[in-house]
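First the structure, in the form of C-alpha coordinates, and then the observations on it.
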Amino acid sequence: MMDRLRERGFDAIVLAGLSNGGVGASRLAPRLNGRLVGLLLVSGAAPDATSAGVPTLALEGSRDTMMSPRVVRQYAERTGAAYVELDGTHFVLIEQPEAMTEAMARWLSARFGR
(Lines give C-alpha, C1' and ligand atoms only; values in the text may rest on other atoms or scores of the structure.)
Protein backbone atom coordinates (compact mmCIF):
# COMPACT_ATOMS: atom_id res chain seq x y z
CA MET A 1 0.00 0.00 0.00
CA MET A 2 2.79 2.44 0.85
CA ASP A 3 4.39 1.83 -2.54
CA ARG A 4 1.10 2.54 -4.29
CA LEU A 5 0.74 5.82 -2.45
CA ARG A 6 4.27 6.84 -3.42
CA GLU A 7 3.63 5.84 -7.04
CA ARG A 8 0.65 8.21 -7.00
CA GLY A 9 2.82 11.07 -5.82
CA PHE A 10 2.19 10.96 -2.08
CA ASP A 11 5.63 11.37 -0.56
CA ALA A 12 4.70 12.69 2.90
CA ILE A 13 2.57 10.08 4.64
CA VAL A 14 1.22 10.53 8.17
CA LEU A 15 -0.31 7.36 9.57
CA ALA A 16 -3.34 8.00 11.76
CA GLY A 17 -5.30 5.66 13.98
CA LEU A 18 -8.45 6.03 16.06
CA SER A 19 -9.15 3.88 19.13
CA ASN A 20 -7.99 0.32 18.41
CA GLY A 21 -6.65 1.69 15.13
CA GLY A 22 -4.37 3.89 17.24
CA VAL A 23 -3.16 0.82 19.10
CA GLY A 24 -2.41 -0.89 15.78
CA ALA A 25 -0.83 2.21 14.24
CA SER A 26 1.43 2.67 17.27
CA ARG A 27 2.67 -0.91 16.82
CA LEU A 28 2.93 -0.78 13.02
CA ALA A 29 4.65 2.60 12.60
CA PRO A 30 8.03 1.57 14.09
CA ARG A 31 8.20 -1.24 11.52
CA LEU A 32 7.72 1.08 8.55
CA ASN A 33 11.35 2.23 8.76
CA GLY A 34 11.35 5.75 7.40
CA ARG A 35 8.34 5.35 5.14
CA LEU A 36 6.26 7.74 7.28
CA VAL A 37 6.81 11.37 8.13
CA GLY A 38 4.45 11.36 11.11
CA LEU A 39 2.09 9.41 13.33
CA LEU A 40 -1.20 10.66 14.76
CA LEU A 41 -3.01 8.67 17.45
CA VAL A 42 -6.52 9.47 18.69
CA SER A 43 -7.92 7.71 21.77
CA GLY A 44 -5.51 4.81 21.54
CA ALA A 45 -1.89 3.66 21.78
CA ALA A 46 -0.38 0.30 22.64
CA PRO A 47 1.10 0.15 26.14
CA ASP A 48 4.10 -1.76 24.75
CA ALA A 49 4.68 0.23 21.54
CA THR A 50 8.09 1.71 20.86
CA SER A 51 8.92 5.03 19.22
CA ALA A 52 7.97 5.32 15.57
CA GLY A 53 11.05 7.44 14.98
CA VAL A 54 8.90 10.18 13.44
CA PRO A 55 7.02 13.13 14.94
CA THR A 56 4.01 11.75 16.79
CA LEU A 57 0.91 13.32 18.28
CA ALA A 58 -1.26 11.42 20.76
CA LEU A 59 -4.67 12.90 21.58
CA GLU A 60 -6.77 11.55 24.43
CA GLY A 61 -9.94 12.28 26.40
CA SER A 62 -9.31 12.83 30.10
CA ARG A 63 -12.32 10.69 31.06
CA ASP A 64 -11.75 7.85 28.58
CA THR A 65 -12.72 4.55 30.23
CA MET A 66 -12.06 2.43 27.12
CA MET A 67 -8.42 3.47 26.67
CA SER A 68 -6.80 4.76 29.79
CA PRO A 69 -5.38 8.27 29.48
CA ARG A 70 -2.54 7.00 31.68
CA VAL A 71 -1.56 4.43 29.03
CA VAL A 72 -1.55 7.01 26.24
CA ARG A 73 0.27 9.55 28.41
CA GLN A 74 2.92 6.95 29.28
CA TYR A 75 3.28 6.07 25.59
CA ALA A 76 3.89 9.75 24.84
CA GLU A 77 6.42 10.12 27.65
CA ARG A 78 8.25 6.93 26.68
CA THR A 79 8.43 7.73 22.96
CA GLY A 80 8.77 11.53 23.00
CA ALA A 81 5.38 12.01 21.34
CA ALA A 82 3.46 15.25 21.77
CA TYR A 83 0.47 14.65 24.03
CA VAL A 84 -2.81 16.55 24.16
CA GLU A 85 -5.47 15.63 26.69
CA LEU A 86 -8.88 17.22 26.36
CA ASP A 87 -11.94 17.02 28.56
CA GLY A 88 -13.90 14.12 27.13
CA THR A 89 -14.42 10.40 26.94
CA HIS A 90 -13.25 7.82 24.40
CA PHE A 91 -15.34 9.80 21.92
CA VAL A 92 -13.50 13.08 22.45
CA LEU A 93 -13.13 13.43 18.68
CA ILE A 94 -16.88 13.97 18.34
CA GLU A 95 -17.37 15.59 21.74
CA GLN A 96 -14.74 18.28 21.12
CA PRO A 97 -14.46 18.50 17.31
CA GLU A 98 -13.18 22.08 17.20
CA ALA A 99 -10.51 21.54 19.85
CA MET A 100 -9.42 18.26 18.27
CA THR A 101 -9.26 19.81 14.80
CA GLU A 102 -7.28 22.76 16.15
CA ALA A 103 -4.80 20.51 17.98
CA MET A 104 -4.24 18.31 14.92
CA ALA A 105 -4.02 21.26 12.52
CA ARG A 106 -1.57 23.12 14.76
CA TRP A 107 0.65 20.03 15.12
CA LEU A 108 0.53 19.18 11.39
CA SER A 109 1.19 22.77 10.36
CA ALA A 110 4.13 23.16 12.76
CA ARG A 111 5.80 20.07 11.34
CA PHE A 112 4.68 19.85 7.75
CA GLY A 113 3.18 23.25 6.89
CA ARG A 114 4.33 24.94 3.72
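Computed from a prediction, not measured in an experiment: that's the story for all the values here. For this chain, numbers begin at 1 and follow the sequence in order.
Considering only heavy atoms from C-beta on, Met66 comes within 4.5 Å of Phe91 through its side chain. The side-chain heavy atoms of Val92 and Ser43, taken from C-beta on, include a pair separated by under 4.5 Å. Counting only heavy atoms from C-beta outward, the side chains of Leu41 and Tyr75 approach each other to under 4.5 Å. Taking the side chain as every heavy atom from C-beta outward, Asp87 and Arg63 approach each other to under 4.5 Å. With a 4.5 Å cut-off on side-chain heavy atoms, Met100 and Leu59 count as touching. Put simply, the side chain of Val23 reaches to within 4.5 Å of the side chain of Met67, judged on heavy atoms.
Hydrophobic clustering (ILVMFWY, side-chain heavy atoms < 4.5 Å, transitive): Leu40 and Leu18 are in one cluster. Hydrophobic clustering (side-chain heavy atoms under 4.5 Å, transitive across Ile, Leu, Val, Met, Phe, Trp, Tyr) keeps Val72 apart from Leu86. In the hydrophobic clustering of ILVMFWY residues, with side-chain heavy atoms under 4.5 Å counting as a link, Val84 and Val14 come out together. At a threshold of 4.5 Å between side-chain heavy atoms, the hydrophobic network of Ile, Leu, Val, Met, Phe, Trp and Tyr places Tyr83 and Trp107 in two separate groups. Under a hydrophobic-cluster definition in which Ile, Leu, Val, Met, Phe, Trp and Tyr are linked whenever side-chain heavy atoms come within less than 4.5 Å, directly or via other members, Leu15 and Phe10 are assigned to the same cluster.
Using a 3.5 Å distance cut-off with no hydrogens or angles, the side chains of Glu95 and Thr89 do pair a donor with an acceptor. Remark: the His90 side chain and the Ser19 side chain contain an N/O donor-acceptor pair separated by less than 3.5 Å.
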(Q) Quick one, Val54 with Val37, criterion side chain to side chain contact (heavy atoms under 4.5 Å, CB included). Give me CA distance, side-chain angles, the key distance, then yes/no. (A) CA-CA 6 Å; Val54 295; Val37 298; 5.8 Å; no
(Q) Is there a salt bridge (Lys or Arg N to Asp or Glu O under 4.0 Å) between Glu85 and Arg73? Walk through the geometry before answering. (A) CA-CA 9 Å; Glu85 186 172 298; Arg73 192 177 318 109; 3.0 Å; yes
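A donor-acceptor contact shorter than 3.5 Å links the side chain of Arg78 to the backbone of Ala49.
Minimum interatomic distance between Glu60 and Pro69 (heavy atoms only, all atoms of both residues): CG-CA, 3.7 Å. Between Ala46 and Ser26, the shortest heavy-atom distance links the atoms N-OG, 2.9 Å.
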